[in-house]
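Scope of the values below: all heavy atoms of this structure, side chains included, with no hydrogens, waters or symmetry mates. In this chain, residues are counted from 1 in sequence order.
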Amino acid sequence: MSTLLIRDADLVVTLDNDRRELPRASVLVRGAAIAAVGPAVELPQQADEVIDARGHIVIPGLVNTHHHMYQSLTRAIPAAQNAELFGWLRVLYPIWAGLTPEMVQVSTQLAMAELLLSGCTTSSDHLYLYPNGVRLDHSIEAAQEIGMRFHAARGSMSLGESAGGLPPDYLVESEPAILADTQRLVETYHDSDRYAMLRVVVAPCSPFSVSRDLMRESAALARALGTQLHTHLAENDHDLAYSQARFGMTPAEYAESLGWVGPDVWHAHCVKLDPAGIARFAATGTGVAHCPCSNMRLASGIAPLRRLIDAGVPVGLGVDGSASNDGAHLLAEARMGLLLARVRRALEPPDWQVPTDRPGQQTDGQPARLYGCDLGPAEMTARAMLEVATRGGAQVLGRDDIGHLAPGMAADLALFDLRTLPMAGGAVHDPVAALLLCAPAQATWTVVGGRIVVRGGHLTTVDPGPLVERHNRLALQLLRDH
């Protein structure tokens, strides 16, 4: 079994159960798993391959819990640049109707290339429309070639405009066909073993694009086959109003009424999840994919990240669709999530009083408090956000083999150079915080299951030049043929 040694890193951030941060440390990989993590002087000095990690920080591979990779073909389309969710979808549905198998394969690889270069090693992708012979198999083949750990979500839409749904009738599928194809995919590809590189998820698109029956039957199918469930929920005010008008329930109540809560379920966005919904998600272990950039891009709002975490809801991070972000840099997403949580805190301050003492005034022999206060331990910190992007994502995806660095865990990790211009000044004070507070960095090395997929800042599994050229040609073709 081959060995890989990441030797003598300036800092290894394990995010293990003790949250150890080890200076001058190494990571030894044997096959697809981590064999040892510890001080460099205590670990072997040689292996089949050695990465000189001096000047670098090592972190667990980031985990992306929500994406629509095909949407990279429709980034920044003028007609959709300033729309909110429902209007944005109405502009893009007719364009996406022209998707082909080649387009899905190429866009999937492009999105995964971006993620790998940002230090992300595991990603979900939610593909929910299948025109012109498109199948989820095309995304799966792309992932296997590029080397990303993949949770392929078989999305679906069955409720067209004529039946009260949002998507046009020509983009929806029949529900028997959806369920049959979902079962085929799970039985063909799903791997429940430890260190699995591929899992299949049952994923009707949203309450406004599928029926109650499909939601209910999808939950039953997933549980019969032993896989997870994923959908969109409570994304914005229109989503909330649709749920109340059509079902007479909040989105969380609707989800629970159909069996869509539990540790095998995660929902994307949840910007408008109310306190009762948060409590039910926490009690049932239902996960949330937090997508801060998309939520801002579509003017959906700010999800209650800190409230979710404090309540005990499993929360991971998601870049969401490449046409609603419009990028796939998971470290940048973590930075935005951190900053946006602080904005929400300013808009909805916690229960503390602004001090009435004037600056410089003495009270009982003690200096008076100055106006303002520190964020305090209850607010989001850089380390807390990094944990959402790693351990949090692993929990949401139902994985106990990724998300932190320890012996027996999958060898998924990323290295970032601390000696770059954007990190100057920050890395010498606190390299962990600098990853989130300084300008988002590209990974120097990314390792997935012991395989080096980014080496010296360059992809090893695909050539990005021809990939971008082919992708741009297809993007223009998709819009031209619309």
Side-chain angles (χ1 to χ4, degrees), residues 13 15 59-69 111-112 114-126 148-151 153 201 228 230 232-235 266-271 273 281 286-298 300-310 313-322 324-344 379-399 402-404 412-414 416 432-433 435-437 440-441 443 446:
V13 182
L15 283 169
I59 65 170
L62 304 175
V63 179
N64 180 33
T65 60
H66 186 64
H67 207 334
H68 307 293
M69 295 183 180
M112 288 184 169
E114 284 187 277
L115 288 168
L116 291 169
L117 287 166
S118 75
C120 177
T121 53
T122 299
S123 183
S124 174
D125 184 50
H126 192 186
M148 172 157 266
R149 200 178 298 278
F150 191 34
H151 284 230
V201 180
Q228 283 191 291
H230 180 51
H232 299 83
L233 197 76
E235 187 167 350
W266 87 99
H267 298 277
H269 301 291
C270 295
V271 174
L273 200 63
F281 276 28
T286 306
V288 168
H290 177 44
C291 307
C293 287
S294 177
N295 295 341
M296 289 187 288
R297 165 76 156 79
L298 297 179
S300 297
I302 307 173
L305 176 63
R306 188 71 256 180
R307 293 184 184 182
L308 291 165
I309 293 171
D310 288 347
V313 176
V315 181
L317 199 62
V319 299
D320 197 20
S322 293
S324 67
N325 186 312
D326 296 330
H329 193 303
L330 200 60
L331 193 60
E333 197 74 31
R335 181 178 189 270
M336 194 60 70
L338 168 64
L339 301 181
L340 195 59
R342 296 184 177 188
V343 171
R344 183 178 174 105
E379 300 302 331
M380 288 306 296
T381 65
R383 284 170 172 79
M385 198 66 226
L386 185 60
E387 186 159 329
V388 170
T390 51
R391 289 183 70 113
Q395 183 182 7
V396 164
L397 294 184
R399 308 282 304 228
I402 62 173
H404 66 274
D412 291 8
L413 47 89
F416 294 88
V432 181
L435 273 181
L436 277 292
L437 294 175
T446 304

Tell me, please, which residues at least two apart from [X] pass side chain to side chain donor-acceptor pair (under 3.5 Å).
X      : value
Ser118 : none
Ser322 : none
Thr446 : none
Asp125 : none

His151 meets the ring-ring contact (aromatic ring centres under 6.0 Å, His included) criterion, sequence neighbours left out, with none

Sequence-distant partners of His230, ring-ring contact (aromatic ring centres under 6.0 Å, His included), two or more places apart: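 For His230 the ring-ring contact (aromatic ring centres under 6.0 Å, His included) partners, ignoring immediate neighbours, are His66, His126, Trp266.
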
So, for [X] and [Y], which heavy atoms are closest and what is the spacing to 0.1 Å?
X      : Y      : answer
Val271 : Ser300 : CG1-O, 3.5 Å
Ala443 : Gly119 : CB-N, 3.8 Å
Gly318 : Pro292 : O-CD, 4.3 Å
Thr381 : Arg342 : CA-NH2, 4.1 Å
Cys120 : Met148 : O-CE, 3.3 Å
Asp320 : Ser294 : OD2-OG, 2.6 Å

Less than 4.5 Å apart, side chain to side chain, heavy atoms only: is that true for [X] and [Y]?
X      : Y      : result
Ile59  : Leu15  : no
Leu273 : Leu308 : yes
Leu338 : Leu437 : yes

Nearest 0.5 angstrom please: [X] [atom1] to [Y] [atom2], how far?
X      : Y      : atom1 : atom2 : answer
Met385 : Met336 : CE    : CE    : 11.0 Å
Arg383 : Leu436 : CZ    : CG    : 9.5 Å
Leu331 : Leu62  : CG    : CG    : 6.0 Å
Cys293 : Leu330 : SG    : CG    : 10.0 Å

Sequence neighbours excluded, which residues qualify as side chain to side chain contact (heavy atoms under 4.5 Å, CB included) partners of Ala328? His67, Glu114, Leu115, Val319

Could you work out, with side chain to side chain contact (heavy atoms under 4.5 Å, CB included) as the rule, every residue matching Ile302, not counting sequence neighbours?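 For Ile302 the side chain to side chain contact (heavy atoms under 4.5 Å, CB included) partners, ignoring immediate neighbours, are Leu340, Val343, Arg344, Leu347.
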
Applying side-chain contact (heavy atoms from CB on, under 4.5 Å) between Cys291 and each of Glu235, His232, His269, report the one that passes. His269

For Arg297, which residues count as a salt bridge (Lys or Arg N to Asp or Glu O under 4.0 Å) partner, sequence neighbours excluded?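 Partners of Arg297 under the salt bridge (Lys or Arg N to Asp or Glu O under 4.0 Å) test: Asp326.
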
Taking salt bridge (Lys or Arg N to Asp or Glu O under 4.0 Å) as the definition, give me every residue that meets it alongside Asp412, ordered by chain and number, with sequence neighbours left out.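 So Asp412 forms a salt bridge (Lys or Arg N to Asp or Glu O under 4.0 Å) with Arg149.
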
Taking Gln228 for its side chain and Val396 for its backbone only, find out whether a donor-acceptor pair lies under 3.5 Å.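 Yes, because the side chain of Gln228 sits within donor-acceptor range (under 3.5 Å) of the backbone of Val396.
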
Pairwise side chain to side chain donor-acceptor pair (under 3.5 Å) hits with a residue in residues 388-397, at least two apart: Asn17-Arg391

Answer yes if the side chains of Ser123 and Asn64 hold a donor-acceptor pair under 3.5 Å, and no otherwise.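 Checked: Ser123/Asn64 side chains pair up, N/O donor to acceptor below 3.5 Å.
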
Decide yes or no on side chain to side chain contact (heavy atoms under 4.5 Å, CB included) for Asn325 and Glu333, but give the supporting numbers first. CA-CA 9 Å; Asn325 186 312; Glu333 197 74 31; 2.9 Å; yes

If you apply the rule side chain to side chain contact (heavy atoms under 4.5 Å, CB included), what do you find for Val388 with Ile309, and how did you get there? CA-CA 9 Å; Val388 170; Ile309 293 171; 3.8 Å; yes

